[in-house]
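Here is the structure we will look at.
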Amino acid sequence: MAQVSIRINGRSYDIACDDGQEERIQALSNYVDERVKEISGAVGQIGEQRLLVMTSLLIADELGNAHEQLETRRQEQVAVAEPGSLSAAESDALAENMENMAARIEGIAAKLNQH
């Protein structure tokens, strides 16, 4: 298992991940850090735990919106076949990727809560 050192809100965390996933974890942590900065810029430093919870909720909301958009797109495909729209296989692959991303984010959040 590989180890990655990430930095979120100025604090370092050592995260274990599968070999070969180091760059992905780093990219995800950069995204989370940017979202933390946005929230802390809007509400100030309200405590690390609260800030991370608010950030997690924001990211979960973004993911929920993406799921809703995907479902809307699927329903539109069933109603009318549009040229250039995603095939059922492409939609399924996109949905699977989003579910994998959600699972990874949840795993990272769980590991962050352990520290």
Side-chain angles (χ1 to χ4, degrees):
M1 224 177 209
Q3 286 279 332
V4 177
S5 182
I6 63 171
R7 193 164 190 83
I8 296 176
N9 198 34
R11 186 169 176 183
S12 293
Y13 299 91
D14 292 325
I15 304 293
C17 65
D18 291 333
D19 291 332
Q21 291 296 311
E22 299 88 349
E23 286 183 32
R24 180 158 179 79
I25 297 296
Q26 194 68 327
L28 290 170
S29 70
N30 290 340
Y31 179 77
V32 170
D33 189 46
E34 287 299 316
R35 303 307 281 167
V36 166
K37 286 177 185 174
E38 287 178 27
I39 292 174
S40 66
V43 299
Q45 287 292 337
I46 55 173
E48 184 176 24
Q49 186 174 12
R50 256 182 125 171
L51 191 58
L52 291 176
V53 167
M54 289 180 70
T55 302
S56 297
L57 290 172
L58 177 67
I59 292 171
D61 185 49
E62 291 173 352
L63 183 61
N65 287 338
H67 277 289
E68 289 172 9
Q69 290 173 356
L70 179 61
E71 185 58 32
T72 299
R73 181 119 181 177
R74 280 185 183 170
Q75 290 173 0
E76 290 171 354
Q77 285 180 337
V78 169
V80 177
E82 298 175 352
S85 64
L86 294 176
S87 69
E90 290 169 327
S91 292
D92 289 343
L94 182 58
E96 184 177 335
N97 285 339
M98 290 173 63
E99 289 170 5
N100 289 339
M101 183 173 59
R104 287 180 178 150
I105 290 171
E106 290 169 0
I108 289 169
K111 288 177 183 175
L112 287 174
N113 284 333
Q114 292 174 355
H115 292 280

For side chain to side chain contact (heavy atoms under 4.5 Å, CB included), just list the numbers for M54 and V36, CA-CA rounded to whole Å, side-chain angles, deciding distance to a tenth of an Å, and then say yes or no. CA-CA 8 Å; M54 289 180 70; V36 166; over 6 Å; no

Verify side chain to side chain contact (heavy atoms under 4.5 Å, CB included) between I8 and L52, making sure each step is shown before the conclusion. CA-CA 9 Å; I8 296 176; L52 291 176; 4.0 Å; yes

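Atoms CD and OG, from E34 and S29 in turn, are 10.5 Å apart once rounded to the nearest 0.5 Å.
Checked by atom type, the side-chain pair R35/T55 shows no donor-acceptor distance below 3.5 Å.
Proximity of L28 to Q21: side-chain heavy atoms (C-beta onward) are nowhere separated by under 4.5 Å. Considering only heavy atoms from C-beta on, E62 stays 4.5 Å or farther from N65 through its side chain. Between E96 and D92 the shortest side-chain heavy-atom distance does not fall below 4.5 Å. At a threshold of 4.5 Å between non-hydrogen side-chain atoms, the residues Y31 and I59 count as touching. Looking at heavy atoms from C-beta onward, D14 lies out of side-chain contact with I6 at the 4.5 angstrom threshold. No side-chain heavy atom of R104 sits less than 4.5 Å from a side-chain heavy atom of M101.
Looking at every heavy atom in both residues, D33 comes nearest to N9 through OD1-N, 2.7 Å. Nearest heavy-atom pair, D19 versus A2, reported as atom, atom and distance to 0.1 Å: OD1-N, 3.2 Å. Residues C17 and M1 share a closest heavy-atom pair of O-CG, 3.2 Å.
Between R73 and E76, none of the side-chain N atoms (NZ, or NE/NH1/NH2) sits under 4.0 Å from a carboxylate O, so this pair counts as no salt bridge.
Residue Q3 places its CD atom among more than 12 non-hydrogen atoms of other residues, nucleotides or ligands, all under 6.0 Å distant.
Under the 4.5 Å side-chain heavy-atom criterion for grouping Ile, Leu, Val, Met, Phe, Trp and Tyr, L63 is not connected to V53 through any hydrophobic cluster. Cluster membership for L57 and L51, using ILVMFWY side-chain heavy atoms within less than 4.5 angstrom, is not shared.
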